[in-house]
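Working notes for the structure below.
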Amino acid sequence: MGHSILMGAVAYDPKVVTIWEGIRTYFRDAGLEFDFALFSNYERQVEELVAGHIDIAWNTPLGHVRVQRRTGGRSLSLGMRDSDRDFHAKVIVRRDAGIRSLGDLAGKTLAVGSRDSTQARILPLHFLRQEGVALEKVTLLPFDTDLGKHGDTGTSELDVLRAVADGRAEAGTVGDLVWVTEQAAGRVDAKRVEVLWTTPGFDHCMFDALPTLDESRARAFQDALFAMSWDQPSHRRLLELEGLRQWLPPRETGYESLRAALDETGGW
């Protein structure tokens, strides 16, 4: 039990149970005593990590940055998915709205996702401000769906797509993943809606730990995690469910824009 690890994850979908039960079996087969606890929201998960009740938290970008701020930048970043790197968001517009450039958003209604969604609200608005868009001249139509889940469910992004499709908004912000998924499923009318702009890249989820997690346990977790292989059918099933091909080492550069956005709005 020297290497026992308790990890927290947020139950944004029933598949979360399947994923982590499968990964727990994999970790235990690899000789790592591992268990997980599920939370209903990221705020509680961050509190439980900071209080030392769990060893590691599988966090959204917002959760990740909050943990770093709560620990004075001393928290440990342990790993991420290949799919967490270089995420983007889209500004989509109705073709009949006459929006040809970002400047044309002035006087229009822009549908946005949940206030705790990095990809559907926090960063698209930050990047639009950086591009010189006067947001005070844009009417925001916010969908605060599934608060506490930090946009994981994608529900607010579906609300945005619906609002643009039915004309309640001339434009909207959605993450890449939802946009691609909905297009592939044939649920986006390309005759009615198009992409106006793609944001700069940013990074998504991260495994966070307190600086007090001893090195041998952190290393054991990382070694087992990074050894999961797409070529192994039993691993591939879990990797597909969690939306990746390969676990990668952490990097911090992809969170700079989120830190700036939070400083700008006074939120964290």
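The first residue in the sequence is number 1, and the count goes up from there.
With hydrogens and angles disregarded, no donor-acceptor distance shorter than 3.5 Å links the side chain of T118 to the backbone of P61. Looking only at distances, no side-chain donor or acceptor of D146 sits under 3.5 Å from a matching main-chain atom of S156. Side-chain N or O atoms of R121 include one that pairs as donor or acceptor with a backbone N or O of G113 at under 3.5 Å. For D55 (side chain) and L6 (main-chain N/O), a donor-acceptor pair under 3.5 Å exists by modelled atom type.
Under the side-chain contact (heavy atoms from CB on, under 4.5 Å) criterion, T25 pairs with D29, sequence neighbours left out. Applying the salt bridge (Lys or Arg N to Asp or Glu O under 4.0 Å) rule to D223 yields no partners; only residues at least two apart in sequence or on another chain are considered. When the ring pair (Phe, Tyr, Trp, His ring centres under 6.0 Å) test is applied to F202, the partners found at least two apart in sequence or on another chain are F87.
The two residues G98 and D104 have their closest heavy-atom pair at O-OD2, 3.8 Å.
The pair R95-D189 does not meet the salt-bridge criterion, since no charged nitrogen lies less than 4.0 angstrom from a carboxylate oxygen. Under 4.0 Å is where a charged nitrogen must lie from a carboxylate oxygen, and between R94 and D96 at least one such pair does.
Between F127 and W197, the ring planes lie perpendicular to each other; the angle is over 60°, past the 30° to 60° tilted range.
The ring of W247 has its center closer than 6.0 angstrom to the ring center of F207.
Pairs of residues two or more places apart, or lying in two chains, that qualify as salt bridge (charged side-chain N to carboxylate O under 4.0 Å, His left out) and include a residue from residues 39-54 are E43-R66, E47-R70. Counting only residues at least two apart or in different chains, side chain to side chain donor-acceptor pair (under 3.5 Å) contacts with residues 200-212 comprise N59-D208, H64-D208, Q119-H204, D203-R251. The salt bridge (charged side-chain N to carboxylate O under 4.0 Å, His left out) analysis of residues 150-167, with sequence neighbours excluded, yields the pairs D159-R162, D166-R168.
The residue from F27, W230, Y26 that alone fulfils the ring pair (Phe, Tyr, Trp, His ring centres under 6.0 Å) condition with H235 is Y26.
W179 contributes atom CH2, which lies 5.0 Å from atom CD1 of I92 (distance to the nearest 0.5 angstrom).
The neighbour count for E136 CD, taken as heavy atoms of other residues, nucleotides or ligands under 6.0 Å away, is above 12.
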